[in-house]
Amino acid sequence: MDVHISLVGRKDLSGEIYRQLRRAILDGRIRVGSALPPSRVLAERLSVARTTVTVAYDRLISEGFVESRIGAGTFVSPQAIRPARTGVRPERPGVLRPQPVWQQFGLSTAFANRARIDFRTGLPEASLFPTQRWRRLMARATAAEEVAAGVYGHPAGHRGLREAIARHIALSRGVQTSADDITITSGTQQALDIVIRVLLRPGDQVAVEDPGYTPPRLLLRAQGMRVIGVPVDREGLVVDAIPRSARMVYVTPSHQYPLGVPLSLSRRLALLRWAERHNAAVVEDDYDSEFRFGGRPIEPMQTLDPAGRVIYLGSFSKTLLPTLRLGFVVAPLSIRDAVHKAKYVTDWHTSLLAQETLAQFIEEGGFAAHLRHARAVYVERHATMAAGLDRELGEHLELVPSDAGLHVAARARAATPEQVVEVVERASQEGVEVHPLSRFAVMRPLSGLLFGYGAVEAERIPEGLGVLRRWFERCR
Ligand SMILES: Cc1ncc(COP(=O)(O)O)c(C=O)c1O
């Protein structure tokens with residue numbers, strides 16, 4: 001496949017290759033399923049460094065336009081464009097067109113292909129899920145009165161589940177709340193969608209962490225918000241760098257995603273003062289802090305906030321399974337009714353069957369037992385990962401200290417972001433998948449890697465790190 005790319009007079013060469021390839025995919029000039037030229041070949045053709053091309057390819061992969069298949073190459077993903085069902089060619093004048101924002105990113109299909117050793121983040125150990133027990137509880141839940149009645153429920157969700165969650169987060173996180181403040185959602189992502197609808201208008205500015213978790217940024221942009229990246233240092237989000245005009249700040253204070261540092265107590269208090277001074281909201285995404293391996297947990301921002309500015313989001317994606325799509329939002333009283341209405345107009349309520357099953361699982365003590373077991377598994381993986389990184393990759397990477405969650409970050413000592421991307425690509429060809437830190441940059445590219453250990457058995461961690469070490473040595 002010979003796609004025309006012109007770099008004459010251009011400055012940002014990687015960005016230009018990325019944009020021209022993206023356009024060619026969206027226009028249908030490069031068909032779904034066809035291969036992009038190998039990065040080395042395209043680099044030679046364009047007379048640029050190979051890493052210039054690999055950075056562009058990595059961006060296309062992370063946005064779901066293309067996917068890399070081990071040992072075979074890089075292919076246009078079937079999800080990159082959907083063929084028009086009516087058979088009308090999408091480029092014909094006068095056909096329906098989505099708003100431009102929906103052309104700006106593709107669907108990520110990354111997880112459809114599991115790797116031999118998968119260090120990508122966002123994956124808990126699926127084999128820990130208590131399948132038998134869940135099946136039994138689900139059968140019982142099917143007959144439960146609320147489910148069997150066959151009528152819609154309250155948009156805030158199943159009362160028993162909300163009470164069970166209120167007790168659980170009071171114990172595990174010290175979040176003081178009542179069931180009335182909780183709304184059950186389809187994961188954190190829907191919770192954020194609802195909060196945006198309730199509090200913001202298109203064009204509003206929202207501050208996010210840089211580097212930070214990508215899905216909220218896409219959601220904010222899709223809703224017409226202006227997203228501003230705010231740097232993160234050893235104490236977490238740099239509160240002094242938040243622009244005054246931001247109406248909302250989205251943060252991961254317990255375990256910053258991706259770097260893993262907790263937001264210090266003084267920064268938490270400064271952020272609350274900032275929000276009060278500027279009449280802004282703080283969205284606290286507490287996505288994985290059930291898994292702590294040392295150190296004292298810092299109080300959630302929600303408990304430090306007497307003014308009702310913090311919206312607390314929780315998820316069962318890490319503690320149970322991301323495919324369950326279960327999460328919740330703890331909303332301050334002033335927006336509670338609006339949150340219920342926003343949930344109601346979005347999808348009425350989350351599946352009652354799933355809610356009833358989870359409520360019983362928590363009530364019977366199954367969830368607490370599962371967390372104890374999972375914590376023991378992850379504590380070993382966390383220790384193996386930290387020791388392995390030091391031993392195998394200490395020369396190339398510096399671990400960012402972190403004692404919670406299911407991943408750690410490591411900054412490159414010397415390698416550039418482009419060199420790291422090359423290591424990632426090479427390792428991928430050997431069945432080892434890992435995210436480069438640069439993928440999570442908003443404005444400031446960072447050089448390093450992110451190691452998820454949720455889905456990699458402790459015994460396999462050294463093997464995966466060994467593959468990466470070899471490629472760090474060769475790609476110098
Ligand atoms: C920072 C962060 N927030 C939230 C989530 C969970 O999102 P959801 O509940 O929508 O699955 C994840 C999962 O990987 C995450 O990394």
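Counting starts at 1 for both ligands and their atoms, following the listed order. Computed from a prediction, not measured in an experiment: that's the story for all the values here.
Those atoms of ligand 1 that come under 4.0 Å of a heavy atom in G187, given as number and element, are 9 (O), 10 (O). Under a 4.0 Å criterion applied to the non-hydrogen atoms of S315, ligand 1 contributes the atoms 6 (C), 8 (P), 9 (O). Listed by atom number, the atoms of ligand 1 under 4.0 Å from G122 heavy atoms are 14 (O). Within ligand 1, counting atoms from 1 as listed, the ones closer than 4.0 Å to a heavy atom of Q189 are 10 (O).
Between Y287 and Y257, the ring-plane angle classifies as perpendicular under the 30° and 60° cut-offs. Note: F291 and Y378 have perpendicular aromatic rings, judged against thresholds of 30 and 60 degrees for the angle between ring planes. Note on ring orientation: taking the six-membered ring where Trp is involved, the planes of W348 and Y344 are perpendicular (angle over 60°, cut-offs 30° and 60°).
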Subject >> CA sep, side-chain torsions, deciding dist, call: L259, L437, side chain to side chain contact (heavy atoms under 4.5 Å, CB included) >> reply: CA-CA 9 Å; L259 294 179; L437 264 181; 4.1 Å; yes
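The shortest separation from a heavy atom of K318 to ligand 1 is under 4.0 Å, placing the residue in contact.
Taking CZ of R201 as the start and CD1 of I196 as the end, the distance is 15.0 Å to the nearest 0.5 Å. To the nearest 0.5 Å, atom CG of residue L107 and atom OG of residue S77 are 7.5 Å apart.
In this structure, the protein non-hydrogen atom closest to atom 4 (C) of ligand 1 is D285 OD2, 3.4 Å. Shortest contact from atom 5 (C) of ligand 1 to any protein heavy atom: Y213 OH, 3.6 Å. For atom 11 (O) of ligand 1, the nearest protein heavy atom (residue, atom name, distance) is S317 OG, 2.6 Å.
Residue R325 has at least one N or O atom closer than 3.5 Å to an N or O atom of ligand 1.
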Side-chain donor-acceptor contacts of residues 399-412 below 3.5 Å, not counting sequence neighbours, with atom names and distances?
{"from": "S402", "atom 1": "OG", "to": "H255", "atom 2": "NE2", "distance (Å)": "3.1"}
{"from": "D403", "atom 1": "OD1", "to": "R292", "atom 2": "NH2", "distance (Å)": "3.3"}
{"from": "H407", "atom 1": "NE2", "to": "P258", "atom 2": "O", "distance (Å)": "3.0"}

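Here the shortest heavy-atom distance to atom 8 (P) of ligand 1, taken over T185, T214, D288, T188, belongs to T188.
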